[in-house]
2 protein chains.
Amino acid sequence: MSATPKSERTRAHLRDVAVRMLRDVGYERTTMRAVAAEAGVSTGNAYYHFPSKDALVQELYLEVQREHAERAAPVLAAGGALADRLRGVWGASVDAFAPFHAFGGEFVSVAIRPGSDASPFSAASAGSRDLSRALFDEVVAGTSTRVPERLRAQLPELLWLAQLGITLYWVHDTSPGFARTRRLVDGGAALVGSLVRLARLPVARGVVDDVLRLVRSVHPAAEASPASDEGPRGRETAAQGDA
Amino acid sequence: MSATPKSERTRAHLRDVAVRMLRDVGYERTTMRAVAAEAGVSTGNAYYHFPSKDALVQELYLEVQREHAERAAPVLAAGGALADRLRGVWGASVDAFAPFHAFGGEFVSVAIRPGSDASPFSAASAGSRDLSRALFDEVVAGTSTRVPERLRAQLPELLWLAQLGITLYWVHDTSPGFARTRRLVDGGAALVGSLVRLARLPVARGVVDDVLRLVRSVHPAAEASPASDEGPRGRETAAQGDA
DNA sequence: GGTACTTTTTGAACATGTTCAAAAAGAGTC
DNA sequence: GACTCTTTTTGAACATGTTCAAAAAGTACC
């Protein structure tokens with residue numbers, strides 16, 4: 001781990017400078033030359049420690065995700081209804097992401113590119129992704145709302161995907177105080193509550209099963225209908241959805 | 001319109017070369033210098049006719065959208081159940097987009113950036129956006145399925161947003177023949193059919209209204225709760241959702 | 001056809017992300 | 001300390017998107 005302490009210090013310093021710069025002046029104006037200069041090393045050296053600019057952005061994501069988790073913690077500790085927990089966790093993301101809204105578009109643009117290390121589905125993002133996913137496992141696990149057994153397994157992932165969708169919406173949201181995004185969060189959370197309640201009714205059972213089956217069949221790690229689905233395909237990374 | 005015929009010819013030639021190149025070698029390898037050289041003009045001249053590389057990508061979108069509309073036409077002409085029409089139109093997009101899958105990620109990345117001309121919500125995209133939206137107006141208008149009145153007004157836009165989501169999924173889809181995306185299309189279409197049917201039941205009425213109200217309240221062109229919502233904000237363009 | 005004006009075109013220039021060969025610094029061994 | 005060998009660091013180089021001042025071509029009017 002601590003290869004050479006000297007090298008490790010250079011790396012850490014570069015990361016700190018980069019994260020601070022990304023936060024303060026955005027993606028575009030955070031040039032590799034500027035980061036390197038600010039850190040007191042050469043441009044090439046920055047590339048020795050980080051394979052690309054995206055790799056630096058990745059470090060930022062990790063910080064933001066930690067911030068989100070921290071803000072969500074009290075909500076998760078409190079127990080309560082699913083809708084309330086969801087509202088709390090989704091809402092916490094709006095607060096945690098707020099400082100980055102000005103450059104959110106740039107970050108999302110970088111993150112959405114399939115090959116990008118910064119993609120929420122990439123192997124490189126495993127760290128921040130797992131952090132974020134765990135929040136929704138906890139949302140479901142710790143709620144007093146009775147969640148039908150059939151739903152329990154897949155619900156957290158769906159809520160995480162919804163989190164991505166909300167973030168995508170937020171990036172485009174220019175309303176003061178992100179009022180629209182907050183309406184989306186509040187309404188969405190309430191809706192999920194209603195739907196979960198509704199899912200218990202016999203009329204809904206068919207549709208619920210359809211949805212769950214569809215989600216499963218569409219999941220990259222699918223149970224594979226024609227057997228040869230996820231075999232010798234090495235380059236593929238983790239999960240992916242539609243956000 | 002036909003300002004100077006000479007200038008117009010240069011512009012058209014640049015556009016044709018660019019679209020062909022984007023189709024054949026992708027976004028990155030289609031450099032402005034290469035486009036200009038291939039068209040037999042200087043680099044600066046390309047910038048005289050198109051303000052940015054994104055503007056050229058915009059031209060590609062228009063072509064692809066036309067292709068989609070063309071493939072969807074027979075389905076739309078045929079009438080029938082909502083689910084079938086949807087499956088046809090969404091499925092047509094998979095076929096129409098297929099030649100660009102290799103570079104789909106690059107295009108989406110460009111399109112997702114809020115300020116970008118290539119964004120599906122930008123003013124510059126009005127042309128291709130309207131083309132695409134009209135498809136879903138027609139899907140709903142021409143179906144034999146009985147769609148509850150409350151739904152009719154908003155359904156087309158929701159389906160269009162779903163189209164964006166499907167495209168986003170497709171971009172990440174590495175399964176052979178886009179099998180996963182096709183499962184998503186088939187399952188999604190069937191699901192919409194079921195849900196519309198379900199929406200007629202009294203139990204569902206409450207949730208349906210919640211959804212519709214939420215979508216409205218979250219729409220940029222919202223009826224504005226605190227009155228000062230869409231006032232003196234000139235730079236804002238058209239609609240936007242979460243895809 | 002010449003003169004004033006606008007539109008179009010050019011090519012050099014700039015800052016960017018990234019690469020790379022070579023230099024410098026470290027680490028281990030005698 | 002000198003000698004290998006690896007790790008780290010450097011700075012110049014490359015191709016990119018974009019800008020810009022100036023040249024060329026076109027147009028309108030005398």
Side-chain angles (χ1 to χ4, degrees), chain A residues 1-15 17-19 21-22 25-60 103 105-107 109-111 113 115-119 124, chain B residues 1-15 17-19 21-22 25-60 103 105-107 109-111 113 115-119 124:
Chain A
M1 277 305 154
S2 60
T4 358
K6 170 74 176 306
S7 168
E8 191 52 44
R9 228 180 317 130
T10 308
R11 197 194 133 89
H13 191 197
L14 274 168
R15 191 202 56 219
V17 168
V19 168
M21 257 181 123
L22 284 169
V25 304
Y27 180 82
E28 260 188 45
R29 290 177 52 201
T30 301
T31 69
M32 292 300 275
R33 283 170 181 79
V35 170
E38 181 80 12
V41 300
S42 69
T43 312
N45 198 4
Y47 276 93
Y48 177 77
H49 290 285
F50 296 92
S52 70
K53 188 175 173 180
D54 286 8
L56 285 173
V57 173
Q58 185 56 43
E59 300 287 332
L60 174 71
F103 318 113
E106 296 175 331
F107 296 136
S109 174
V110 171
R113 181 175 277 120
S116 166
D117 281 349
S119 161
Chain B
M1 278 304 155
S2 60
T4 359
K6 170 73 175 307
S7 168
E8 190 51 44
R9 229 180 316 130
T10 307
R11 196 195 133 89
H13 191 197
L14 275 168
R15 191 203 55 217
V17 168
V19 168
M21 257 180 124
L22 285 168
V25 305
Y27 181 82
E28 259 188 49
R29 289 177 52 201
T30 300
T31 69
M32 293 300 275
R33 283 169 182 77
V35 170
E38 180 81 10
V41 301
S42 70
T43 312
N45 199 3
Y47 277 91
Y48 177 77
H49 290 285
F50 296 93
S52 70
K53 189 175 173 179
D54 286 9
L56 285 173
V57 173
Q58 184 56 43
E59 300 287 332
L60 174 71
F103 318 114
E106 295 174 333
F107 296 137
S109 174
V110 171
R113 180 175 277 119
S116 166
D117 281 348
S119 161

Heavy-atom protein contacts under 4.0 Å, nucleotides 10-19 of chain D, coded B base, S sugar-phosphate only, - none:
BB-B--BBBB
I'd like to check the side-chain contact (heavy atoms from CB on, under 4.5 Å) partners of A/T30; sequence neighbours left out, ordered by chain and number.
A/M21, A/L22, A/V25, A/V35
Going by side-chain contact (heavy atoms from CB on, under 4.5 Å), name the residues that satisfy it together with B/S42, two or more places apart in sequence or in a different chain.
B/N45
Rounded to whole Å, the CG-C1' distance (B/L14 to C/dT9) equals 11 Å
So do B/Y48 and B/T10 actually touch side chain to side chain, heavy atoms under 4.5 Å?
no
How would you list, by chain and number, every residue that makes a side-chain hydrogen bond (donor to acceptor under 3.5 Å, both in side chains) with B/Y47, sequence neighbours excluded?
none
By side-chain contact (heavy atoms from CB on, under 4.5 Å), A/R11 pairs with (sequence neighbours left out) A/E8, A/H49, A/F50, A/E59
